[in-house]
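As a basis for the values below, the full set of heavy atoms in this structure was taken, side chains included, without hydrogen atoms, waters or symmetry mates. A, B, ... follow the sequence lines: proteins, then strands. Residue 1 opens every chain.
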Number of protein chains: 2
Amino acid sequence: MPESGARSRNGGGTTTSGARRTELLAIAARLFADKGFRNTTVRDIADAAGIQSGSLYHHFDSKESMVDEILSVFQTELFARYEEILGSDDDARSKLERAFRVSFEAIENNPAEVAIFQNEADYLGTFPRFGYLADRNAQSRQVWVTLLEEGVATGMLRDDLDVTLTYRFIRDTVWVAVRWYRPGGGLTHTDVADQYVRILLDGIAK
Amino acid sequence: MPESGARSRNGGGTTTSGARRTELLAIAARLFADKGFRNTTVRDIADAAGIQSGSLYHHFDSKESMVDEILSVFQTELFARYEEILGSDDDARSKLERAFRVSFEAIENNPAEVAIFQNEADYLGTFPRFGYLADRNAQSRQVWVTLLEEGVATGMLRDDLDVTLTYRFIRDTVWVAVRWYRPGGGLTHTDVADQYVRILLDGIAK
DNA sequence: TAGCCTACCAAGCAAATGCTTGGTAGGCAG
DNA sequence: CTGCCTACCAAGCATTTGCTTGGTAGGCTA
């Protein structure tokens, strides 16, 4: 019984596109971000969407494939931006600042995706299916380390900088902000990026 | 049937002291830190301890009371140190540095407890029993904000500093290090504290 | 109007979960 | 020797979990 020409169905019988699908993914992303992946049940997602839990399996193979799609789509977009910065011919300082801004933009526009990656990457990474998470991690490291080394080489950053430690410092500082930053609050993501760049580059001492 | 003079039993029949108890708490803390509280089952804990899951209930009322004891004991110790610093008559810079050092010491000596607090405080805080977590959070904020304001007042820190944002910056940066810092690796907690203080105070620019 | 499509429901299953119950074994004090 | 203590086991219970199954209803298209 081979599949005929259905354009939005795969072999397993679940859909691979459609507005409702996208909507369900957004609902799931929010819950995964708020309660954690393992602690969000398919019934939680279904309730939030106003349908029965079984109906989710019309759209998706499994709960796992939902996070998978959420994370991979987001990361593809984010890393395209990083690569664009790396390839540009701005000076080292501008590149660093733009990397900060792109990151805080992601927190502004995709807080759920950022939170899920922060909280669940370690766990999900233990499954072969999510091997790309480790690759993205390495890629992110490569981006920041390259920018920092360029900064040191051009004399913009301190010569005695421990680039690896500084990378971790920046990575942690930037992404953890997703825990408290709320779009529409008193601070815009641009404000935060500006202040964080300033603290990082110049410090808080007089 | 009133309780007679048993010294290490409470009304419910569970123990309140003992070496085995402490051991079980340490095992549970490790698992809670690694897999999260909700994703650690009582059978996980029992397996790691080499006993049956039911046997845990000889020592503890519930899984919840295990985290409770883990967190409250740890925080009592940690905050005693912060208060000692606040009350000392060091200058503002020394106090800030000492607060950093105390924090990284906690990461060195109690990584599991730090990780649990970082990851589960939001969730646990929704239960009345864990109301003290929010209090500790406010107390921590008070400590750092006081130190920062003292720094600004004495002319050690920039006048234009956004103290609240800086507090969040420091808090996030320090505690998130528990995710990658491993005791016994190339860096000691003192190394990390030194470098982080340096970056924070003086920045990474030349 | 026949045929296939999307989107869902209602019911249920096997496994895993936190916790309870009744009981056992060894040790130490009087 | 008696009695109470600590530390555990074996079995099971009610609930929750991810996922499956068989079916329905409305819409689009040839």
- Query: Which of the following nucleotides, C:dC8, D:dA10, C:dG18, is nearest to the side chain of B:Y57?
  - Reply: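 Given the options C:dC8, D:dA10, C:dG18, the side chain of B:Y57 is closest to C:dG18.
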Margin query: Can you tell me which nucleotide in C:dA10, D:dC8, C:dC8 comes closest to the side chain of B:H58?
Written below: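 Selected nucleotide (nearest to the side chain): D:dC8.
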Note to self: Using only atom types and a distance under 3.5 Å, with no angle test, would you say the side chain of B:K95 pairs donor to acceptor with the backbone of B:S88?
What the structure shows: yes
Phosphate OP1/OP2 of D:dT6: any B:H59 side-chain N/O under 4.0 Å: no
Kindly say if B:S55 contacts the phosphate of D:dA7, meaning a side-chain N or O under 4.0 Å from OP1 or OP2.
no
So, with a heavy-atom separation below 4.0 Å from DNA chain C, the residues of residues 118-132 of chain B are none
request  = Would you please name every residue forming a salt bridge (Lys or Arg N to Asp or Glu O under 4.0 Å) with B:R158, sequence neighbours left out?
outcome  =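 Once residues adjacent in sequence are excluded, the partners of B:R158 under the salt bridge (Lys or Arg N to Asp or Glu O under 4.0 Å) criterion are B:D160.
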Checklist entry - For DNA chain D, what residues of residues 32-51 of chain B have any heavy atom nearer than 4.0 Å? => result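 Heavy-atom contacts with DNA chain D come from B:R43, B:G50, B:I51.
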| Starting at the 5' end of DNA chain C and moving along, which residue's nearest nucleotide shows up first, B:G54 or A:L24? |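 Its nearest nucleotide lies further toward 5', so the answer is A:L24.
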Grab the [atom1]-[atom2] distance between [X] and [N] for me, whole Å please.
{"X": "A:Q52", "N": "D:dG22", "atom1": "CD", "atom2": "P", "answer": "18 Å"}
{"X": "B:L56", "N": "C:dT20", "atom1": "CG", "atom2": "C1'", "answer": "13 Å"}
{"X": "B:F60", "N": "D:dC8", "atom1": "CZ", "atom2": "C1'", "answer": "14 Å"}
{"X": "A:K63", "N": "C:dA15", "atom1": "NZ", "atom2": "C1'", "answer": "14 Å"}
{"X": "B:E23", "N": "D:dT6", "atom1": "CD", "atom2": "P", "answer": "17 Å"}
{"X": "A:R20", "N": "C:dC8", "atom1": "CZ", "atom2": "C1'", "answer": "9 Å"}

Query raised in the report: Any Lys/Arg nitrogen of A:R101 or A:E105 sitting under 4.0 Å from an Asp/Glu carboxylate oxygen of the other?
Result: no
Next on the checklist: Quick one, A:D68 with A:S65, criterion side chain to side chain donor-acceptor pair (under 3.5 Å). Give me CA distance, side-chain angles, the key distance, then yes/no.
Outcome noted: CA-CA 5 Å; A:D68 196 346; A:S65 69; over 6 Å; no
What residues form a ring-ring contact (aromatic ring centres under 6.0 Å, His included) with [X], not counting sequence neighbours?
{"X": "A:F100", "answer": "A:W144"}
{"X": "B:Y132", "answer": "none"}
{"X": "B:F130", "answer": "none"}

So, B:S140 and B:N137: side-chain donor and acceptor under 3.5 Å apart, yes or no? no
Requested in this report: Identify whether any heavy atom of A:S53 sits under 4.0 Å from a base atom; if not, whether one sits that close to sugar-phosphate; answer base, sugar-phosphate or nothing.
Outcome: base
### Query
Centroid-to-centroid, A:F104 to A:Y181, below 6.0 Å?
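A:F104 vs A:Y181: aromatic centres not under 6.0 Å.
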